Amino acid sequence: MTSSFSAAVSHSHTYLHHHHHHHHIFLSQCRPFFLSRRLHSLRKGLTLSRGRESPSFTVCASFTDVSPNVSLEEQELCKAEIWSVHKFGGTCVGTSQRIKNVADIILSDDSERKLVVVSAMSKITDMMYDLIYKAQSRDESYISALDAVLEKHSSTAHDILDGDNLATFLSQLHHDINNLKAMLRAIYIAGHATESFTDFVVGHGELWSAQMLSLVIRKNGTDCKWMDTREVLIVNPTSSNQVDPDYLESERRLEKWYSLNPCKVIIATGFIASTPQNIPTTLKRDGSDFSAAIIGALLRARQVTIWTDVDGVYSADPRKVSEAVILKTLSYQEAWEMSYFGANVLHPRTIIPVMRYGIPIMIRNIFNLSAPGTKICQPEVNDHEDKQNLQNYVKGFATIDNLALVNVEGTGMAGVPGTASAIFGAVKDVGANVIMISQASSEHSVCFAVPEKEVKAVAEALQSRFRQALDNGRLSQVAVIPNCSILAAVGQKMASTPGVSATLFNALAKANINVRAIAQGCSEYNITVVIKREDCIKALRAVHSRFYLSRTTIAMGIIGPGLIGSTLLDQLRDQASILKEEFNIDLRVLGILGSKSMLLSDAGIDLARWRELREERGEATDLERFVQHVHGNHFIPNTALVDCTADSVIAGYYHDWLRKGIHVVTPNKKANSGPLDQYLRLRALQRQSYTHYFYEATVGAGLPIVSTLRGLLETGDRILQIEGIFSGTLSYIFNNFKDGRAFSEVVAEAKEAGYTEPDPRDDLSGTDVARKVIILARESGLKLELSDIPVESLVPEPLRVCASAQEFMQELPKFDPEFAKKQEDAEKAGEVLRYVGVVDVTNRKGVVELRKYKKDHPFAQLSGSDNIIAFTTRRYKNQPLIVRGPGAGAQVTAGGIFSDILRLASYLGAPS
């Protein structure tokens, strides 16, 4: 069952129909369906088996042989729905214990009649091929190798059989081994083995496992016979390495066999069959699956169950996408497409026989009976399905690596008939396999994908074939783009459902992945895009998480776990599970970086224990490695860095991060209030890419100030003035500086309460307010530098040079009278003092100063450390728009950052 892409692509054929015919397929008409599906696959360069081959149309013949109205007057064989077919691969019957498990599964199936197809015990088929190889190479060790085969079967038989059963089997086994010795001796002497000789030798593994299993089941008192499929299945070898079942003849023989051996359970050998001349042969690769499907079709079985060692078909390769899920159902076509793209499903030809009668195939895991498995069947037609859920339309994703794109372009191609056939004729002569073709209807260029190892030959062939056209400029170039991968999205109704391809390309765009070429057949079963090889896994994960998790997963790095950073981490911890369950937002903190140490994790840090983990497992801080770690995680399509520092060095990295596709969320004012050109570069970058930069918490902590301003600007309002009390500290000081209290006393009280910076001069100087004013001024479209803003400092001139905060606090009372005078003057006029920042948009300037306001003014009615901001605009002219609330403190600041993170999630596609 394992299918690897290389096998699927090593076909040496290139059978290409021109892009212009498409086959519309209707599920109701059985036969035409297959034929057109067959043509369709050829157009895509897909034949129905693996190995090196060229396509042939003989499949059609075998379908037309079987008339749709086969008479149902079968003897007691065909009672349509009463049969169920099971197939057990080599690993399922690999040991004596596993054979017992298989017997239990068969006995627990309550169908009226059962037919079980078994493969040889695991490794035996390879050992048998090896015997022949040794014998024809005249290597004596074939004798001891044959003894090993005998030993494995006889020891297994001793484990599971006893008495007469054991004796019967062992005598048959020894008889077969002696015959094989003689045959191998002949091969040894001749130094050559014919194909039918080889097929005869190799088929013994199945004969032995079928006999053992039937004896185990008979031991349980069930009426059971084993069937040598070579007496029943008749196949015609075709030119290539595959065979076509002769359904009519096989059906006749099956009826005859059953009339002589009526029973409830048939154990049949997989993989082996006979030619019409009764010469033993095999069904080639994955033959046992094919046997089960053919026999299922002959019996018109209720269903065919294929037992393997995986839980079913995954939505994507679980080794690349950890969140891949098991698909409950697939249509025949979806299974077919998935297997073409190398998914570990079934061989496409296994699907043909059962599809004809609409017999469902179940894929189940013998080692995990609790898993329901995947059902491959005709899709149900029901219109009541939830149309909103895109998952119903896209079933799986697969990738093919190591491809190159060949692009042939030139104006001379347009309207010249036969250019495309000349191109693909040349490709066919080289024997390369074309995996995908894409052509614009203008015919100005044709591009197609071939395996990287074949591209050199293809390019040379095309250049020599079109030498003349290239020389006289009718064709401008034959270009090769190496290192490509194909990403295919497979699903039944994709093309007919609006929004599927939009979602697909949107997911790729948001993961910053560029698409080189696109192909979508009218068959509606897949959309194929060609991307750079290094983007392949990232793309697979991005589209998979977009369709399957539907949740927006963001890999986050938190920089600066100080007061605000650690509060944010705690808020994330408390909220994470609710976000995941209710809003489908999955925030994973993959790194926490402090000034000395950092903590990294691949799957996400346990936020309940991040402090201890950082103590235990922290490593020396290395910003570059940190960013690489958080962003380099390909499982998660989106990356966000949250900068909780007040550091201008870190702010200097934003531009770089945004350019790499990393979203930035920050309360750090340094980037937006730093040099103007740095700010303008950030904003320009933000406008032209899908990468977001959010900084609500830089002004007024968690208050919606920046977003309110943006909302006004985006809806076309014109800002006239923004005026506000932006500093929680200074708000507190001036709200309490009244009733004759000393200024220095109020400052000391604020410092005690933790409202000020360790050095209160940092607040009193007004620089912080100026930074907030600059941020809002620039947001409103003014091009101002920090130095353009006059700031009235509240630190008395002589105290600006004090060495320490302590010294400053000792000296401050000397200046109390000055402040008291200002306060009294205001009081007399019925006014209050407030320290405000103003953005005067009309006159394109900003200012930070102590102003007086009438007692009935909103600014006068503030309490505690609240911030208040008034927007005067063309719409809000007489009554300004006011935002008011606590504008300082770790909880609200972290809350502001958190809401930016959630806004980022909704921009990235989370439900709003």
Side-chain angles (χ1 to χ4, degrees), residues 562-564 646 700-701 703 723-773 790-838 847-869 884-893:
L563 182 60
I564 289 169
L703 297 178
E723 182 178 24
I725 296 175
F726 293 107
S727 159
T729 314
L730 296 173
S731 170
Y732 179 87
I733 290 173
F734 285 100
N735 292 344
N736 289 294
F737 177 40
K738 54 182 182 197
D739 310 331
R741 293 185 63 184
F743 184 71
S744 59
E745 183 193 328
V746 180
V747 173
E749 178 182 284
K751 187 174 188 306
E752 268 324 279
Y755 283 124
T756 71
E757 296 289 331
D759 186 337
R761 287 176 295 178
D762 294 346
D763 294 299
L764 294 170
S765 67
T767 322
D768 181 62
V769 177
R771 285 191 183 279
K772 292 174 181 171
V773 167
V791 179
E792 178 181 341
S793 171
L794 298 174
V795 182
E797 187 91 44
L799 300 189
R800 292 179 195 172
V801 294
C802 290
S804 67
Q806 201 181 345
E807 188 188 335
F808 166 72
M809 291 306 290
Q810 280 165 353
E811 296 292 312
L812 188 58
K814 294 183 187 164
F815 298 89
D816 280 345
E818 283 182 29
F819 287 106
K821 176 149 179 14
K822 287 186 184 174
Q823 205 273 326
E824 285 155 19
D825 292 351
E827 185 71 45
K828 282 189 193 117
E831 294 176 333
V832 294
L833 293 176
R834 293 293 183 255
Y835 192 77
V836 296
V838 182
V847 63
V848 175
E849 61 188 12
L850 199 54
R851 284 193 175 179
K852 299 189 192 124
Y853 290 92
K854 288 268 178 263
K855 287 250 167 78
D856 60 356
H857 191 280
F859 285 14
Q861 292 150 22
L862 227 47
S863 59
S865 64
D866 278 10
N867 283 9
I868 184 163
I869 291 88
R884 172 186 167 173
Q891 284 294 337
V892 290
T893 308

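In this chain, numbering begins with 1 at the start of the sequence shown. Because the structure is predicted, anything quoted here is derived from the model rather than measured.
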Paired with L730, the side chain to side chain contact (heavy atoms under 4.5 Å, CB included) test is passed by just one of D768, V836, L764, namely L764
Over all atoms of both residues, closest heavy-atom pair of V848 and G766:
CG1-O, 4.3 Å
Begin from the C-alpha positions of I869 and E723 and carry the test side chain to side chain contact (heavy atoms under 4.5 Å, CB included) through to its verdict.
CA-CA 6 Å; I869 291 88; E723 182 178 24; over 6 Å; no
How far does OG of S727 sit from CZ of R771, to the nearest 0.5 angstrom?
14.5 Å
Separation between CG of D759 and CE of M809, rounded to the nearest 0.5 Å
9.5 Å
Tell me whether the rings of F743 and F737 are parallel (<30°), tilted (30 to 60°) or perpendicular (>60°).
perpendicular
Could you list the donor-acceptor pairs under 3.5 angstrom formed between side-chain atoms of residues 791-803 and any protein atom two or more places apart in sequence or on another chain?
from	atom 1	to	atom 2	distance (Å)
E792	OE1	L850	N	3.0
S793	OG	V795	N	3.1
R800	NE	V795	O	2.9
R800	NH2	V795	O	3.0

For the pair Y835 and F734, name the ring-plane relationship: parallel under 30°, tilted 30 to 60°, perpendicular over 60°.
parallel
What are the two closest non-hydrogen atoms of G864 and N735, and how far apart are they?
O-ND2, 2.9 Å
If we only count heavy atoms from C-beta on, is the I868 to Q861 side-chain gap below 4.5 Å?
no
Could you list the residues that satisfy salt bridge (Lys or Arg N to Asp or Glu O under 4.0 Å) with E807, not counting sequence neighbours?
none
Residue pair A701 / T893: nearest heavy atoms and the distance that separates them:
CB-OG1, 3.4 Å
As an exercise, state the distance from CZ of R834 to OG of S731, rounded to the nearest 0.5 Å.
7.0 Å
Under a 4.0 Å threshold between the charged nitrogen and the carboxylate oxygen, would E827 count as salt-bridged to K855?
yes
In Å, rounded to the nearest 0.5 Å, how long is the span from NZ of K852 to CG of D825?
6.0 Å
Heavy atoms of S744 and D816 approach each other most closely as OG-OD2, 2.6 Å
Passes side chain to side chain contact (heavy atoms under 4.5 Å, CB included), V832 versus K738? Steps please.
CA-CA 9 Å; V832 294; K738 54 182 182 197; over 6 Å; no
Distance from Q823 atom CD to E831 atom CD, nearest 0.5 Å?
12.0 Å
To check you understand the geometry: which heavy-atom pair defines the closest contact between I564 and A890, and what is its length?
CG1-CA, 4.4 Å
Would the distance check show the side chain of K772 and the main-chain N or O of F726 forming a donor-acceptor pair, the cut-off being under 3.5 Å?
yes
Can you say whether the rings of F859 and H857 are parallel (under 30°), tilted (30 to 60°) or perpendicular (over 60°)?
perpendicular
Run the salt-bridge test on K854 and D856 with the 4.0 Å N-O cut-off and return the result as yes or no.
no
Do the side chains of E849 and V838 get nearer than 4.5 Å, heavy atoms only?
no
Between N736 and R741 the two heavy atoms that sit nearest each other are O-CD, 3.7 Å
Between atom CZ of F819 and atom CD1 of I733, what is the distance when rounded to the nearest 0.5 Å?
9.5 Å
